[in-house]
There are 2 protein chains.
Amino acid sequence: MGRPPTNTKLRLLETAHELIWRNSYGAVSVDGICEKANVKKGSFYHYFPSKADLAIASIDWWMTNTIPFLDDIFSPSRHPIDRFTLLIDFIYEKQEDMRIEFGQVCGCPFITLGSELAAQDEVIGAKISAITQQKMSYYENALRDMIAMGLIDKNADVKLKAEEIYAFITGNMMLARIKNDLKFMKTSLKPSLMNLIGVQLTTEDLKKLTI
Amino acid sequence: MGRPPTNTKLRLLETAHELIWRNSYGAVSVDGICEKANVKKGSFYHYFPSKADLAIASIDWWMTNTIPFLDDIFSPSRHPIDRFTLLIDFIYEKQEDMRIEFGQVCGCPFITLGSELAAQDEVIGAKISAITQQKMSYYENALRDMIAMGLIDKNADVKLKAEEIYAFITGNMMLARIKNDLKFMKTSLKPSLMNLIGVQLTTEDLKKLTI
DNA sequence: TCTTTATTTGACTGATTAGTCAAATACGCA
DNA sequence: TGCGTATTTGACTAATCAGTCAAATAAAGA
């Protein structure tokens, strides 16, 4: 009974995510999102109580979409070093796709939005912090496997190292966005990350790490 | 002859810098800056052709203010390891001051603004990229001294390592802003940075590195 | 005191902003 | 066919936005 659901809400989530990622929260208007999503403003406010709510919902939606990829990349069946190299591949490819399509390296949508809004809205700060924690738990898991395999120092502080890795990758994505340049990410991020993690690689191994 | 200059322009630069750093470019209005700086709007546009021009001028002004501190911290007369530990102290203290005064960890003003506006305005992207380069040159200089002193691998790629350091510190500041939390910066940033640089420290040395 | 020049003022515009709402509409179901 | 419900529409605020401008003012030098 009643009129069935449509994909309007999804279109709003997708459009908002893309526009905010490419530009910024402040530079994107509700009118702009509606126009691009081909949705009238009344419909927008039928689905979301405010612009801020849409932004939060869109990052939730994006994280939900991302988890299956992370589960694949960080599958316990993979060699833990491969998990990290695959992660960098995954990040790089998405960034390069967007650079080609939009002419702009877009960086991490969570961090960019979080950095912009953390001081204005503590809900978004908490949300992004939780996502950060969630991503680091993948890293911790892999690091523990690396310890078990004798690949890194068995006394390494796994939580600390995961935080270092996250900060390092995040910092690189941010700089890539600002410089609109993926050179470092393409040629140096993998070996630098391996060095940070503390894995000893042969020169031959190192050569393979450029994307 | 004629009416002498006043400090109005400086007040606008200071106020804009503080408000944008604490919040974001998009969340701060020209009216807001004028009110806080106690300047009428007409005066604003007497000194700056647009809001974007003020933002750019304010980061130039801030960088100019910062250089003497960096020159001191990275003075060739200091031990190169001290230069990096002093840098972290300098960053931490400023962040902690702002957290106490405004209730908010504010992160790096250049990176926060650059990340927000890089996609909208390529002038700002280029500006922040130049600042990034300038900061990394301090790191390169210190790293070369470290090689000369036998503190790190003499075959280390200095430019690459400087970029890693910059990305790492930057990533940490960003996360501190989002989480509104300086714990990691206080307790772990120094030893993590030393590890990234590749300095071998005794356990006793390590203990000294918490701020 | 008068001229010169930089600075300041405040009222103004026109566009854009987020958000509201009552009415219209589409569709599954009985 | 008609009922019930979710969705869609478009016109509507009221506030805020960046930016304009002619006139007023303040001060230093002649």
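Chain naming here is simple, since letters A, B, ... match the order of the sequence lines and numbering starts at 1 in each. Just the heavy atoms: all of them, side chains too, but no hydrogens, waters or symmetry mates, feed the values below. As the structure is a prediction and not an experimental result, all values here were calculated from the model.
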Shortest side-chain distance from A:K51, nucleotide among C:dT8, C:dG19, D:dG19 | C:dG19
Salt bridge (Lys or Arg N to Asp or Glu O under 4.0 Å) partners of B:E14, counting only residues at least two apart = none
Using a cut-off of strictly less than 4.0 Å, decide whether B:T6 has a side-chain nitrogen or oxygen near OP1 or OP2 of C:dA6.
-> no
Residues at least two apart in sequence or cross-chain that pass side-chain contact (heavy atoms from CB on, under 4.5 Å) with B:D157, listed by chain then number, are B:K159, B:L160
Residues from residues 38-50 of chain A sitting under 4.0 Å of DNA chain C, heavy atoms only?
-> A:K41, A:G42, A:Y45, A:S50
Return each pair, listed once, that meets side-chain hydrogen bond (donor to acceptor under 3.5 Å, both in side chains) where at least one residue sits in residues 112-121 of chain A; pairs must be two or more places apart or across chains.
-> A:Q120-B:S24
What residue pairs, at least two apart or across chains, pass side-chain hydrogen bond (donor to acceptor under 3.5 Å, both in side chains) with a residue in residues 57-70 of chain B?
-> B:D60-B:K127
Strictly below 4.0 Å, heavy-atom distances to any atom of DNA chain C: list the hits from residues 19-33 of chain B, or just say none.
-> none
Fit a plane to each ring of B:F84 and B:F74, take the angle between them on a 0 to 90° scale, and name the class: parallel (under 30°), tilted (30 to 60°) or perpendicular (over 60°).
-> perpendicular
Residues in salt bridge (Lys or Arg N to Asp or Glu O under 4.0 Å) with B:D72, at least two apart?
-> B:R78
Can you list the residues that meet the salt bridge (Lys or Arg N to Asp or Glu O under 4.0 Å) rule with A:D97, with sequence neighbours excluded?
-> none
Go through the structure and list residues passing salt bridge (Lys or Arg N to Asp or Glu O under 4.0 Å) with A:R11, not counting sequence neighbours.
-> none
